[in-house]
Every structure is written in structure tokens, then in C-alpha cells.
**Q** 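Here it is, the structure, as C-alpha cells.
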Amino acid sequence: MFKRTSVVAIGTLGGTITMTSNQGAAGVSSTLGAEDLAQSIPGLANLNIKLTLKTLANLASGSIRFETLFNALRWAKQQVEDGADGVVLVQGTDTLEESAFLMHLYWPYPQPLVLTGAMRSPSEAGADGPANLLAAIETAASPAMQNYGALVVMGDEVHQARYVKKLHTTSVGAFASLIIGPVAYLQENQLIVYRLPSPNRFVFDIPDQFTAQTLLIETTLDESVALYQAIPDLGYQGLVIAGYGSGHVSEKVRDVLTPIVAKMPVIMASRTGAGSTTKAVYGYKGGEIDLQAMGIMMAGGLCPRKTRLLLNALLWSGATRLEIQQRVKQFGEG
Ligand code: DAS
């Protein structure tokens with residue numbers, strides 16, 4: 001039977017997957033672009049996939065800015081408008097989960113938007129970049145992976161942007177979706193799908209301006225409250241706290257949150273790394289019942305970093321406090 005050639009667009013932003021030692025300087029830095037990466041993949045020619053290639057940037061992922069991501073997003077959307085079956089964005093792994101979630105909030109198409117990277121540079125033994133990129137291309141080309149929004153492919157696993165996290169500094173198995181697991185797995189060039197996409201995904205319009213800044217702060221044992229006291233005057237428009245356990249702070253931190261809540265939305269997430277914040281378990285000062293009564297929202301199962309990005313997107317969209325509350329609840333429970 002005739003099988004149509006799939007079209008996949010690959011845009012590269014940098015990261016270890018693009019890094020080589022640069023003119024005798026110490027260590028590796030981003031030098032390779034989309035053409036170089038495509039040439040490094042064994043077995044690509046056997047697949048019925050046509051590639052469109054674009055080097056978008058050569059950055060370490062910690063230096064990616066929102067503007068970089070929105071430019072990449074506009075480019076990716078254009079590829080789909082021009083007929084691509086899916087898009088792959090390549091970047092560093094350090095901020096991959098954040099980029100993927102931000103992209104997910106703004107990706108309106110059924111076609112997959114797949115992010116990938118590598119834990120080992122091309123010059124290291126057992127470099128994982130070519131295999132990750134090949135798996136990402138196959139995922140992007142697959143009709144079975146439509147309607148999930150943004151996905152992260154690392155080590156033959158396909159993860160949803162909402163859940164995936166980098167959990168190890170150097171391991172090639174650094175990425176996982178705790179509790180829920182990957183949504184699909186690639187084996188022998190076939191996707192084995194474990195879970196269907198959630199219906200009614202909410203998608204934001206790309207904002208005209210994204211100047212509003214939010215702060216993420218992690219609570220720690222017997223910390224000073226000086227930073228919390230300064231927050232209302234630092235120019236932030238929203239605060240996310242990575243709180244203890246299922247969403248708590250100390251009594252003394254709780255006591256300095258009132259002026260912040262008066263000025264900006266405050267969301268309590270959990271610093272634990274997995275599981276959801278609670279709503280009605282703890283009644284002590286600084287516990288979640290008390291914090292909610294003060295007007296603080298609970299992040300549910302959304303991790304602190306992604307909660308911050310959701311809050312950014314909501315503020316950039318001009319959402320009211322009530323709309324922020326409703327949307328945080330929806331994503332936190334989703
Ligand atoms: N940690 C590197 C990576 O895995 C660098 C980066 O994130 O850009 O790609």
C-alpha cells in the first residue's frame with residue numbers, strides 16, 4: 001500500500017546535543033545547527049520522512065528567554081500551517097521541562113510539538129543525541145501522537161509536558177513523569193501508546209507583551225523572612241511558593257504573606273517533587289486551610305516551576321484573580 005511521505009520540521013535552539021569543544025576553549029558549547037544534527041542520525045534515510053531544518057539559536061538552555069521561545073513557537077506554528085505533520089524543537093535539557101510546558105500552553109494544533117535534547121554531547125562515548133532526535137522525529141510524524149500538545153522525547157520515552165521532569169544531573173535516563181509515567185514508548189520504530197490525550201485542552205493566545213514577571217521561591221527550614229518582606233516592592237506581579245509537604249510554610253513566613261497577597265496572586269505548590277497539594281488536612285498556622293483562608297491558591301499536582309509558567313501565561317493574558325484561581329485549579333487537577 002502507498003504510504004505518504006511525512007513532513008517533520010526540526011528547529012534547534014542549542015543545548016548539549018549541539019555542543020562541541022570550541023577552538024581549544026575549556027569544555028563544550030553550542031556550535032552545531034539543525035543540518036549537522038540531521039546528518040548525525042543513522043537510519044533516518046530508511047524512514048519515509050522529509051525534514052525541514054532550521055537553526056533558531058545556539059544557546060545553553062539556562063539562557064533561553066521567553067522571547068526566544070515565542071519566536072520558536074511562531075516558527076513552529078508556521079511549519080504546521082505550511083503542511084508539517086509535526087515539529088521537533090531541540091534544546092538543552094536544563095530547562096527542557098519548562099520550555100515544553102510553556103509551549104504546551106500555546107500549542108493549538110493536533111500535530112505533535114516534540115521537544116528533545118541530549119545528556120551527552122556528540123563528542124562523548126554513547127552520545128544519546130542522535131537516538132533522541134530520531135525518536136523525536138518519529139513521534140512528531142506519528143498520527144498516534146496527535147492531540148497531546150507538547151511532548152518531551154528522551155531515551156525512547158514520550159512524556160507529556162505537564163508531568164515530565166529532569167530528575168538527574170548527568171544520567172541519560174534523567175527524565176521521568178513521576179507517578180504517571182510516560183505516555184508512549186518507542187520500540188523498533190513503532191510507538192506503543194499507554195494513555196490517550198486528555199480532552200478539552202486549554203490553549204492561550206500568544207501574548208502581545210510578556211513583561212509581567214513572577215517569582216518562585218522555595219521555603220526552607222527556619223529561613224529569614226527578609227526576602228518575603230521585600231517582595232511587594234520588587235516589581236513582581238505574582239508569587240509561587242514551593243512549600244513544605246502538601247503546601248505549607250512556617251508560622252513566621254505565613255505572618256508576612258498578607259501584604260503580598262494584597263498586592264499579587266500567590267500560589268502554594270509543593271517542594272517535594274511529586275504528588276498534589278492538599279486542601280483540607282492541616283489546620284495549623286501556615287497549613288493549607290489557613291493559607292487558603294488568606295486568599296492563597298493551591299497548585300494541586302502542578303510542580304512549582306510549571307505553576308510559575310502558568311501564572312506568567314495567565315498574567316500575560318490579563319486574567320483576573322478569579323480567572324487565575326479557576327485556571328490554576330483546572331491545571332492542578334488535570
Ligand atoms: N545541561 C546541558 C544540556 O543538557 C546544557 C543546556 O541545558 O543547554 O543540554
Side-chain angles (χ1 to χ4, degrees), residues 10-41 53-73 75-76 87-104 113-137 139-140 150-178 182 186 216 273 303-306 308-309 312:
I10 303 178
T12 61
L13 292 169
T16 296
I17 191 168
T18 66
M19 291 190 184
T20 60
S21 47
N22 201 354
Q23 295 173 348
V28 292
S29 55
S30 179
T31 57
L32 305 178
E35 298 274 353
D36 307 301
L37 296 195
Q39 278 165 22
S40 73
I41 306 175
L53 303 167
K54 178 85 177 164
T55 303
L56 298 164
N58 279 96
L59 292 166
S61 70
S63 293
I64 288 176
R65 305 199 51 184
F66 291 132
E67 189 180 3
T68 324
L69 292 180
F70 284 123
N71 286 340
L73 192 61
W75 171 82
V87 179
V88 175
L89 280 174
V90 175
Q91 72 151 77
T93 60
D94 287 355
T95 61
L96 191 63
E97 70 202 59
E98 287 169 90
S99 296
F101 184 67
L102 192 76
M103 296 273 177
H104 182 69
L113 175 63
V114 182
L115 284 86
T116 193
M119 295 300 294
R120 294 181 183 153
S121 73
S123 51
E124 284 177 90
D128 53 332
N132 287 344
L133 186 52
L134 179 60
I137 293 167
T139 303
L151 296 163
V152 169
V153 171
M154 293 290 290
D156 286 339
E157 290 181 346
V158 184
H159 295 271
Q160 289 170 283
R162 158 77 173 73
Y163 299 101
V164 70
K165 285 168 90 83
K166 185 178 185 181
L167 294 169
H168 195 284
T169 51
T170 55
S171 166
V172 289
F175 283 79
S177 301
L178 293 177
L186 262 142
L216 165 59
C303 84
R305 288 171 209 150
K306 291 175 190 173
R308 171 186 169 257
L309 292 171
N312 277 341

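Order of appearance sets the numbers: ligands from 1, and atoms from 1 within every ligand. For the single chain, residues carry numbers from 1 onward in sequence order.
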**Q** So, Ser123 and Thr20: side-chain donor and acceptor under 3.5 Å apart, yes or no?
**A** no
**Q** Name the residue from Gln91, Glu97, Glu98 that meets the side-chain hydrogen bond (donor to acceptor under 3.5 Å, both in side chains) definition with Thr95.
**A** Gln91
**Q** Considering both backbone and side-chain atoms of Gln91, is one of its nitrogen or oxygen atoms within less than 3.5 Å of a nitrogen or oxygen in ligand 1?
**A** no
**Q** Applying side chain to side chain contact (heavy atoms under 4.5 Å, CB included), name anything that partners Ala34, two or more places apart in sequence or on another chain.
**A** Thr12, Leu53, Thr55
**Q** Please list, chain by chain and in numerical order, all residues satisfying side chain to side chain contact (heavy atoms under 4.5 Å, CB included) with Ala127, sequence neighbours excluded.
**A** none
**Q** Between the side chain of Asn71 and the main-chain N/O of Thr68, is any donor-acceptor distance below 3.5 Å?
**A** no
**Q** Can you sort out which atoms of ligand 1 are near Gly15, meaning under 4.0 Å from one of its heavy atoms?
**A** 8 (O), 9 (O)
**Q** For atom 4 (O) of ligand 1, what's the nearest protein heavy atom and its distance?
**A** Thr93 OG1, 2.3 Å
**Q** Applying a heavy-atom cut-off of 4.0 Å, say which part of Ala118 lies close to ligand 1: side chain, backbone, both or neither.
**A** backbone
**Q** For atom 1 (N) of ligand 1, what's the nearest protein heavy atom and its distance?
**A** Asp94 OD1, 2.7 Å
**Q** If you have a sec, work out which protein heavy atom is nearest atom 7 (O) of ligand 1 and how many Å separate them, to one decimal?
**A** Ser61 OG, 2.6 Å
**Q** Just how far is it from atom CZ of Arg120 to atom OG of Ser171, taken to the nearest 0.5 Å?
**A** 8.0 Å
**Q** What about Thr16: any of its N or O atoms under 3.5 Å from an N or O on ligand 1?
**A** yes
